[in-house]
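Residue numbering restarts at 1 for every chain, and letters A, B, ... go by the order of the sequence lines. Keep in mind that the numbers below use all heavy atoms, side chains included, and drop hydrogens, waters and symmetry copies. All of these numbers come straight from a predicted model, not from anything done at the bench.
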Amino acid sequence: MTGSRASGRSPESVPDPKTVRWFRKNLKNWGQTHRRDFPWRRSRDPYGIFVAECLLQKTEANHALPIYRAFMARYPTLAALGDASLEELSALLEPLGLRFRASRLLDAARSILENEAYGGQLPDCETELLKLPGVGRYTARSILSQAFNRPLAVLDTNIARILERFFGVEGGRVKSRDALLWSLAQEVAPKREMGTWNLTLIDFGAAVCTAQKPRCSECILLKRCKFGEFGF
DNA sequence: AACGCGGGGCA
DNA sequence: TGCCCAGCGTT
């Protein structure tokens, strides 16, 4: 097919390259001074990052923080978690809600430990990570980008909201919109330091481009934001 | 494609 | 009070 490059696809899936570079540059700059500091971000230990990602699902980071500290003190290694009792683990995670997380975490840990091919370590491959209970596309790719420095973008509620607003993604059918946002997330991402980039986007969504009452007046992206065009 | 899970923070 | 939070599994 020659002619229109956008034929057959939503125009938003082919954003202007100059706009993409501007978006990337401004956010990277913002991240250098505003990115949050959490204990699970200070190491590349796949186990610690895996634990953090599980605790953070649908849970505010500041809420998960004290539980994460207690978790890592009680179960500092994958082997230690494998030996945990479900009752004690459940009690530890209780303040975070979503109680099924305790059994999923335990099942995931034991499943890894039982697999000889993994050598007692988390697998560094998306297909294998997705086999673990409680690990979906976001969690798998987040672990890979942060612990293994793999160039994989992620999509969470924060990032989806930023992309929707800035690039003006229309709300079509839910499934196609989701696929569009995943491809857009990968397209706008830099080639290097994807782990840092993913965290920057998440923090920007949590601090500025919030779900309710976004802080558009102090937003570094406002000038070219589709959402900002309408006077918010 | 829609839904349940969940305690806690915040306006 | 109501909405939202570094999603995922099930139907």
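Around atom CD of A/E128, more than 12 heavy atoms belonging to other residues, nucleotides or ligands sit under 6.0 Å away.
Atom CZ of A/R101 and atom C1' of B/dG4 are 14 Å apart (whole Å). Atom NZ in A/K131 sits roughly 14 Å away from atom P in C/dG9 (whole-Å rounding). Put simply, CG on A/L55 is 15 Å from C1' on B/dG8, counting in whole angstrom units.
Here, C/dA6 and B/dA11 have their P atoms 15 Å apart, quoted to the whole Å. Separating the C1' atom of C/dC4 from that of B/dG6 is a span of 12 Å, rounded to the nearest Å. If you take atom P in B/dC3 and the same atom in C/dC3, they sit 15 Å apart, rounded to whole Å.
With 3.5 Å as the limit, one finds no donor-acceptor pair spanning the side chains of A/Q57 and A/R104. Looking at A/S142 and A/Q146, their side chains do bring a donor and an acceptor atom within 3.5 Å of each other.
Partners of A/S85 according to the side-chain contact (heavy atoms from CB on, under 4.5 Å) rule, which considers only residues two or more places apart in sequence or in another chain, are A/E87, A/E88.
Between A/Y47 and A/F50, the angle of the ring planes lies from 30° to 60°, which puts this pair in the tilted group. Ring pair A/F166/A/F23 is tilted by interplanar angle, where 30° to 60° counts as tilted.
Projected onto DNA chain B by closest heavy-atom contact, A/S176 and A/G97 fall at different nucleotides, the more 5' of which corresponds to A/S176.
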Legend entry - Sequence-aligned protein contact record of nucleotides 1-8 of chain C, with B where the base is within under 4.0 Å of a protein heavy atom and S where only the sugar-phosphate is: --SSBBBS

